[in-house]
Visitor: 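Attaching a single structure in structure tokens format; questions to follow.
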Amino acid sequence: GRSDRPTARAWAARVSRAGHWLLLVALVAGLGVLAHQTALLEDRAGAALEPAALLRVATQTQSGLVWLVRLGILLVASVFVIGRLRVVDSVDWIALHGEAAGLAIVALGLMSAGGHAAAVEPGALRAIGVDFVHLAAAGAWAGALPALALLLRAAAREEGAEARPYAVLATARFSRWALVTVLVLT
């Protein structure tokens, strides 16, 4: 939950600002992938900038449809990440962050449905499911690691001493989740 410690609150604000930028990067990268796929499928570099060609690829190919769904999920996630939503108590805080994390994992995992796993014959659904779980586990672990490192760095400083109990709790929680994700990945 949300901490009342100044260092932990500053860390949370810093991670939130980074989340804003990372969401923008995900949206721009998705547009770049769509443009690249359009140029490849149309066999012309200029097609990457043509709205009609982009729309055709986005609506008439498996990877394009997955891209549209992923874009929609990222836009909904942006409401939770960037929006000024009112958080009254710890239940609101948990719900807000849980929804944002869940949407991010689904958006990441959807890459499975537009990638190589979708081409497996027979058993494409199973391959997509396995790849989805793999991407979600790797994304959850790798995504949380930099935030934890920033918290530990802030709590290690003399002026951040009041956040050490929060950092210990966060590390314990991360360790449990990290164990689960590593077990899933192996």
Side-chain angles (χ1 to χ4, degrees), residues 15-45 47-83 94-150 170 173-186:
V15 169
S16 180
R17 283 190 306 275
H20 298 169
W21 286 107
L22 292 171
L23 183 60
L24 181 63
V25 167
L27 290 168
V28 170
L31 287 170
V33 168
L34 178 65
H36 178 71
Q37 287 178 339
T38 300
L40 288 174
L41 292 173
E42 294 279 330
D43 200 25
R44 310 177 283 117
L49 301 175
E50 295 174 7
L54 290 165
L55 185 61
R56 192 169 38 256
V57 170
T59 60
Q60 297 178 12
T61 65
Q62 167 92 11
S63 61
L65 291 171
V66 168
W67 181 85
L68 284 175
V69 171
R70 193 166 181 263
L71 174 66
I73 288 172
L74 288 173
L75 289 174
V76 172
S78 70
V79 171
F80 293 108
V81 174
I82 297 171
I94 291 168
L96 175 70
H97 288 83
E99 289 165 353
L103 288 167
I105 287 173
V106 169
L108 177 66
L110 275 173
M111 293 170 51
S112 302
H116 289 60
V120 171
E121 290 289 336
L125 236 68
R126 182 175 181 274
I128 290 170
V130 169
D131 197 41
F132 177 89
V133 169
H134 179 84
L135 284 173
W141 181 82
L145 197 56
L148 179 64
L150 287 173
R173 287 181 180 163
F174 174 81
S175 295
R176 285 191 298 271
W177 277 103
L179 177 61
V180 170
T181 60
V182 169
L183 289 174
V184 167
L185 290 171
T186 54

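Along the sequence shown, the residues carry numbers beginning at 1.
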Visitor: Determine the minimum heavy-atom distance between R70 and A107, stating which atoms define it.
Guide: NE-O, 2.5 Å

Visitor: Would you name the heavy atoms of A58 and L68 that are closest together and state the gap between them?
Guide: O-CD1, 3.2 Å

Visitor: Could you check I73, I128, L74 and say which one makes a side-chain contact (heavy atoms from CB on, under 4.5 Å) with L110?
Guide: I73

Visitor: Side chains of H36 and L40: does their closest heavy-atom pair fall under 4.5 Å?
Guide: yes

Visitor: How long is the span from the CZ atom in R56 to the CG atom in L54, to the nearest 0.5 Å?
Guide: 9.0 Å

Visitor: Over all heavy atoms of both residues, which pair between A39 and A48 is shortest? Give the atoms and the distance, please.
Guide: CB-CB, 4.1 Å

Visitor: Which value, rounded to the nearest 0.5 Å, describes the distance between F132 atom CZ and I105 atom CD1?
Guide: 7.5 Å

Visitor: On a heavy-atom basis, which atom in G64 and which in T61 lie closest, and how many Å separate them?
Guide: N-OG1, 2.9 Å

Visitor: May I ask you to check whether over 12 heavy atoms, not counting those of L125, lie within 6.0 Å of atom CG?
Guide: no

Visitor: Looking only at non-hydrogen atoms, find the nearest pair between T38 and A47 and report the distance.
Guide: CG2-O, 3.4 Å

Visitor: Could you check if a side-chain atom of E50 sits within less than 4.5 angstrom of a side-chain atom of R44, using non-hydrogen atoms only?
Guide: yes

Visitor: Checking the side chain of W67 only, and the main-chain atoms of G30 only, is there a donor and an acceptor separated by less than 3.5 Å?
Guide: yes

Visitor: Do V184 and H134 have side chains that approach each other closer than 4.5 Å (heavy atoms only, starting at C-beta)?
Guide: no

Visitor: Which heavy-atom pair separates W141 from A178 by the least distance, and what is that distance?
Guide: CD1-CB, 3.5 Å

Visitor: Between atom CH2 of W21 and atom CD1 of I82, what is the distance when rounded to the nearest 0.5 Å?
Guide: 10.0 Å

Visitor: Output the distance between atom CZ (F174) and atom OG1 (T181), rounded to the nearest 0.5 Å.
Guide: 7.0 Å

Visitor: With rounding to the nearest 0.5 angstrom, report the CG to CG distance, L75 to L23.
Guide: 8.0 Å

Visitor: CG of L148 to CH2 of W177: how many Å apart, nearest 0.5 Å?
Guide: 15.0 Å

